[in-house]
Amino acid sequence: MKKLLLFISTVVTLVSAFGLPPAGDERYKTFFTWTENRKLSWSDFKGEAMEHAAEVAMTASSVEFSYYTKGNQITWTVMAKYFPTLSWSKKNKQTDYVLKHEQLHFDITELYARLFRKRLSEQVKTSADLPVMRTIGKEIMKEWQLEENKYDLETKHSIDEQKQAEWALSIQKRLDALQAFSSK
């Protein structure tokens with residue numbers, strides 16, 4: 001049996017990645033997965049704040065997948081993860097509104113996990129499809145990062161309340177449309 005874990009998009013951030021530890025860091029071992037009935041709270045932001053950053057908070061999340069092969073059979077798993085010890089906030093600037101902005105970052109992570117699951121279920125049937133799986137992973141990573149960047153750009157990191165509301169509605173509709181591929 002062949003087993004492989006691929007770590008897709010180490011972290012989605014609201015600040016530049018230079019402040020993040022390498023992928024093998026111990027802080028990546030503490031995580032929880034996205035579920036519909038669990039929303040982020042400020043107590044989930046356990047990392048040390050980057051005091052000189054313009055942002056109030058940073059959500060560290062990832063879309064990760066693993067697969068197993070046995071002969072021609074293939075089984076895969078895709079997870080949307082949140083890393084509390086890598087996520088941070090400036091305690092004196094925490095608001096419900098900013099927390100909703102951060103939650104939407106994690107929701108976007110789940111959206112791309114669902115898109116990944118959908119594409120895998122449609123295109124990956126046997127171990128011969130491993131190159132297809134890798135291609136899908138790269139595509140998802142690129143699309144996800146572009147969307148995260150667009151989200152922060154259009155909402156001005158949550159400052160534009162109208163755009164923030166539009167994004168929240170859009171992401172919820174897209175998550176609903178992919179309910180069949182949700183985290184279980």
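Heads up: numbering here begins at 1 and tracks the sequence.
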Quick one about [Y] and [X] (side-chain donor to acceptor, distance below 3.5 Å, no hydrogens or angles considered), yes or no?
| X | Y | result |
| --- | --- | --- |
| Thr75 | Tyr67 | no |
| Glu143 | Tyr112 | no |
| Thr59 | Ser61 | no |
| Gln103 | Asp107 | yes |
| Arg117 | Ser183 | yes |

Aromatic plane relationship, Trp42 with Phe45 - under 30° parallel, 30 to 60° tilted, over 60° perpendicular: tilted
In terms of the angle between their ring planes, are Phe116 and Phe65 parallel, tilted or perpendicular, with boundaries placed at 30° and 60°? perpendicular
Under the rule for side chain to side chain contact (heavy atoms under 4.5 Å, CB included), what residues qualify as partners of Lys91, not counting sequence neighbours? Ser89, Gln94
Would you say that more than 12 heavy atoms from the other residues, nucleotides or ligands in this model lie under 6.0 Å from the [atom1] of [X], or not?
| X | atom1 | result |
| --- | --- | --- |
| Asp96 | CG | no |
| Lys142 | NZ | no |
| Glu122 | CD | yes |
| Lys150 | NZ | no |
| Lys90 | NZ | yes |
| Gln123 | CD | yes |

Show the nearest heavy-atom pair for residues [X] and [Y], with the distance to one decimal.
| X | Y | result |
| --- | --- | --- |
| Gln164 | Ser158 | OE1-CA, 3.5 Å |
| Val98 | Ala57 | CG1-CB, 4.5 Å |
| His101 | Thr155 | CE1-OG1, 3.4 Å |
| Leu86 | Ala60 | CB-CB, 3.7 Å |

Using the test ring-ring contact (aromatic ring centres under 6.0 Å, His included), find all partners of Trp167 that sit at least two apart in sequence or belong to another chain. Tyr151
Cationic N near anionic O, under 4.0 Å, Arg38 to Asp44: yes
